[in-house]
Amino acid sequence: MKLDFWLLDLNHDAHEGKSAIWLWGVTRDNKRVLVIDANFQTSFYLLPKKGQDIDQLKERIEREKPHPSVERADIEQKKRLGEDRQVLKVSCKDPDNLEKCARDCVKQLGVEASFEDKLRYSIKYQIEFEIRPCQWYKVEGTESSIDPRKYHVDRVFETSGHPTSIPRENAPKLRLLSFSILSVSPTGSPSPIRDPVCLVAWKKKDGQANTIQSEKTSDNELIEEFSQAHQKFDPDVVFSFGGNTFDWPYLIKRADRTKAKLSVGRDDGPARQSLYGHFSLTGRANVDLQDFSGDLYDVKIKTVENVARFLGVEASTPTIDETEYYDHWIGKDRPALVEQMKARAISIFNVGDDALDYTLQLSNLSALPPDQVLAAAVGFRVDSYLLMEARKLGELIPARSELNIIPYKGAIVLEPSVGLHDNVAVLDFSAMYPSLMVKYNISPDTLVDEGGDDALEVPEVGHHFRKNPPGFYKIVLSQLIASRQAAKKEAAKTPRGTPEHKILKAREKATKVITNATYGYAGWAGSRWYSREVAESAAALGRDTINKSIDIAKNLGLHVLYGDTDSLFVEYEEKLVNQFIKEIDKNLGLEINLGQLYKRILFTEAKKKYAGLLEDGELDIVGMEAIRGDWSNLARSIQNEVLKLVLQGGNPTEAKSYVQSLVKDLESFKVPKSSLVIWKTLTKRPDEYEVNAPHVEVARKMAKEGWPVTVGDKVGFIVTKKPGKLYQKAEPHFKVSLGQVDYDYYVHNQIVPAAARVLEVFGIHEEDLLEPSRGQVNL
DNA sequence: GCCTTATGTATACCA
DNA sequence: ACTGGTATACATAAGGCG
């Protein structure tokens with residue numbers, strides 16, 4: 001019997017006392033299915049020393065069995081650092097003892113090394129049969145005698161062979177659920193040791209937001225009621241915002257305390273902590289959108305609502321602060337809080353719905369299941385992708401090992417030409433590092449000791465790389481670049497606004513993310529294919545490329561105003577720019593594209609900080625305080641206004657008077673408290689800091705008052721009139737009243753520096769902004 | 001002991 | 001736990017002065 005299914009999640013579990021892979025999926029007729037593949041035996045490789053007789057080794061392994069779980073050994077051809085090598089694939093009965101088994105074999109046989117013995121059973125399965133989640137498969141087998149209701153599926157299937165992929169087709173209709181919990185405490189933030197969950201809000205695809213509320217001191221009933229509702233809806237994807245750090249651990253601890261059964265997985269189990277610190281629900285995808293928001297660098301303060309606004313999906317802004325939850329819950333304002341929680345569930349749902357295509361595409365490309373892929377750091381996404389590709393290419397997969405890092409020289413940033421410029425074009429190399437790695441075959445397996453006709457010597461750093469055959473990085477990067485081009489091309493042919501278009505864009509974005517991270521991966525100490533020479537050479541070739549481009553531009557008479565890593569900002573002359581693009585292609589064999597066009601642009605004296613006026617009249621601000629998350633909104637919006645006056649109106653004098661008027665009597669403007677809050681990330685525990693800093697001091701104060709802040713959280717503070725150092729003047733934002741605000745600080749250390757950063761360019765200094773009498777006459 | 005300057009720590013940004 | 005390059009603020013140590 002044959003079965004077609006779309007793979008949502010997979011895990012390793014026993015089946016009839018044997019190790020098996022459990023594949024959770026959805027069929028074409030929209031049924032949920034559990035596919036059990038108990039026919040996989042894991043294995044590792046042994047690389048003999050040169051001169052060792054491989055047939056003899058094979059015979060010895062099978063006869064001596066260095067470890068009881070050795071099943072048999074087979075001879076295979078593999079590649080190791082560009083060399084063809086014969087290896088032994090040792091099959092192993094017991095996946096839990098793979099590493100030990102490999103160690104014993106290496107010791108007893110005196111071979112060079114073992115490979116792939118540290119890879120988990122399910123990963124081995126994935127690379128062996130090219131199993132990527134979020135894709136269609138067909139498989140042979142029979143209907144199982146297991147009751148499907150036991151696993152919240154419609155069918156349980158036992159395979160006779162292994163799944164084979166079906167060429168690209170879209171995902172089935174998945175059941176989506178979002179949820180968020182609420183707990184309150186009179187003394188600060190709630191603690192699962194003390195405070196029960198008092199509300200769960202959720203939203204499913206079609207329908208309104210729902211809640212379960214509880215008055216009781218025990219949330220036993222609430223947890224079980226939620227479990228029932230959850231299982232009844234039987235979601236495929238569960239969205240949360242902060243679920244991995246708050247909702248799930250809280251629910252688990254509460255369930256443990258009150259002896260409630262938290263049943264949310266398809267196995268009726270709870271959420272379980274997994275590989276990347278995230279939580280997994282068996283047979284479902286638990287997607288924490290806070291992880292997704294981590295990739296959105298433009299969203300400075302990561303709330304669901306900010307993420308929703310950024311994505312352009314619907315979300316209502318909450319009005320009740322976390323510190324007011326308790327009073328609302330026990331008081332007459334509870335309905336407002338309940339509404340806010342419902343709105344939160346809706347916002348989470350909308351963000352999740354929007355982020356789903358990207359999540360599934362990134363999961364499919366990287367081969368990390370959808371519940372892991374967002375939780376995994378970029379390096380591990382690349383790692384997982386490379387594992388799959390390495391196996392396809394017959395490369396032995398090295399183990400990850402943390403080496404001591406030797407830093408190397410990176411990119412070039414040009415000195416900006418300070419001031420205002422009209423009609424400026426940005427020329428960007430497309431995927432510069434990947435393109436260079438492909439063009440010059442930069443890879444650990446093409447690195448050679450000696451130069452020669454068949455090798456390239458990298459300028460500046462002097463490493464040599466063979467031109468042929470193509471190395472590992474060249475092959476994978478070429479594939480990625482080609483697949484991104486294909487997605488791009490197809491997207492261009494597909495009508496905008498259609499689901500297909502969105503999927504193709506998501507595919508393109510996922511491919512881009514993996515492509516662009518590969519250079520960094522090569523230079524990451526934790527990488528399997530770490531090579532400082534590779535990373536260093538890519539960087540050196542990048543510098544060489546940008547330097548040559550500057551010369552080409554100059555020879556054409558193009559005026560270069562600025563540049564950073566892979567871009568050049570030039571005075572825009574259409575004919576010259578087109579010529580330049582052709583020259584780069586001809587002389588360097590690389591693609592450079594016309595990027596942003598600025599009607600007018602302002603460069604400050606600092607690198608990496610500029611602001612430009614776009615064709616449509618919008619400002620594009622880069623690196624400046626106006627877009628930094630660690631400046632008050634007050635300073636940010638004033639700098640933004642100053643930039644507008646300068647770039648749109650061309651009027652620094654007006655900008656100057658604007659700032660002066662604010663500075664003169666800031667207090668009288670009655671700016672809202674929220675615009676005075678300065679947010680900074682706590683990057684370690686408060687006691688680990690070497691020097692006193694305002695946000696650390698505030699974090700300590702908050703912890704003392706029952707609002708502990710954990711690593712990675714943003715701490716919001718306002719500077720008060722209290723005497724002393726800044727860190728003594730800073731107070732938690734929610735505790736400060738407008739009367740306590742040190743407006744002098746905001747004038748001297750926020751508004752004036754932010755405004756002067758722009759106005760310095762026109763000879764307007766900080767003093768001029770502070771002392772109007774010495775400046776020009778105001779209008 | 002007080003003031004100025006140099007250095008170190010911390011954060012967020014650009015590509 | 002992808003890389004290096006850069007700006008900036010504030011705390012603190014070091015240096016200079018009387």
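Predicted model only: the values in this text are computed from it and were never measured. Lettering follows sequence order; numbering is per chain, from 1.
- The existence of a salt bridge linking A:Glu536 and A:Lys409 is excluded, since no basic side-chain nitrogen approaches an acidic carboxylate oxygen closer than 4.0 Å.
- In this structure, A:Asp687 atom CG and B:dA10 atom P are separated by 13 Å, rounded to whole Å.
- Salt bridge status for A:Arg600 with A:Glu571: absent, with no side-chain N to carboxylate O gap under 4.0 Å.
- Nearest-nucleotide mapping onto DNA chain C: of A:Ala411 and A:Trp524, the residue sitting toward the 5' end is A:Trp524.
- At a threshold of 4.0 angstrom between heavy atoms, the contacts of A:Arg757 are confined to the sugar-phosphate backbone, with no base atom among them.
- Of the side-chain N and O atoms in A:Lys607, none sit less than 4.0 angstrom from OP1 or OP2 of B:dC13.
- Comment: A:Asp768 does not engage A:Lys656 in a salt bridge, judged by the lack of any side-chain N to carboxylate O separation of less than 4.0 angstrom.
- Counting non-hydrogen atoms under 4.0 angstrom, A:Gly520 reaches a base of the nucleic acid.
- Nucleic acid contact class of A:Gly623 (heavy atoms, under 4.0 Å, all strands): sugar-phosphate only.
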Restricting to nitrogen or oxygen on both sides, can you table the protein-nucleotides 3-9 of chain B pairs closer than 3.5 Å?
none

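- A:Thr681 has no side-chain polar atom (N or O) that falls below the 4.0 Å cut-off from OP1 or OP2 of B:dT11.
- Put simply, the side chain of A:Ser675 never gets that close to the backbone of A:Val671: no donor and acceptor are under 3.5 Å apart.
- Among the protein residues, A:Thr683 comes within range of the sugar-phosphate backbone only, with heavy atoms under 4.0 Å from sugar or phosphate atoms but none that close to a base.
- Within a 6.0 Å sphere centred on NE2 of A:His464, heavy atoms belonging to other residues, nucleotides or ligands number more than 12.
- Nucleic acid contact for A:Tyr385: none, since no nucleic acid atom lies under 4.0 Å from a heavy atom of the residue.
- In this structure, A:Pro694 reaches neither bases nor backbone, as no heavy-atom distance under 4.0 Å exists between it and the strands shown.
- On the nucleic acid side, DNA chain C contacts chain A at distances under 4.0 Å to non-hydrogen atoms, with the end points of that region at C:dA1 to C:dT12.
- The residue A:Tyr530 sits apart from the nucleic acid: no heavy atom pair falls under 4.0 Å.
- Looking only at distances, a side-chain donor or acceptor of A:Asp288 sits under 3.5 Å from a matching main-chain atom of A:Asn244.
- Between A:Glu688 and A:Arg685 there is a salt bridge, with a side-chain nitrogen of the basic residue lying less than 4.0 Å from a carboxylate oxygen of the acidic one.
- Classification of A:Arg636 and A:Glu625 as a salt-bridged pair fails, no side-chain N sitting under 4.0 Å from a carboxylate O.
- Proximity of A:His695 to the phosphate of B:dT11: a side-chain N or O atom is located under 4.0 Å from OP1 or OP2.
- Residue A:Ile627 is classed as a sugar-phosphate contact, given heavy-atom separations below 4.0 Å to backbone atoms only.
- Looking only at atom types and distance, the side chain of A:Asn441 has no donor-acceptor partner in the side chain of A:Thr446 under 3.5 Å away.
- Using a 4.0 Å heavy-atom criterion, one finds that A:Val696 contacts no nucleic acid atom at all.
- A side-chain donor from one of A:Ser632 and A:Gln750 sits under 3.5 Å from a side-chain acceptor of the other.
- Listed pair A:Lys300 / B:dT11 fails the phosphate criterion, with no side-chain N or O lying under 4.0 Å from OP1 or OP2.
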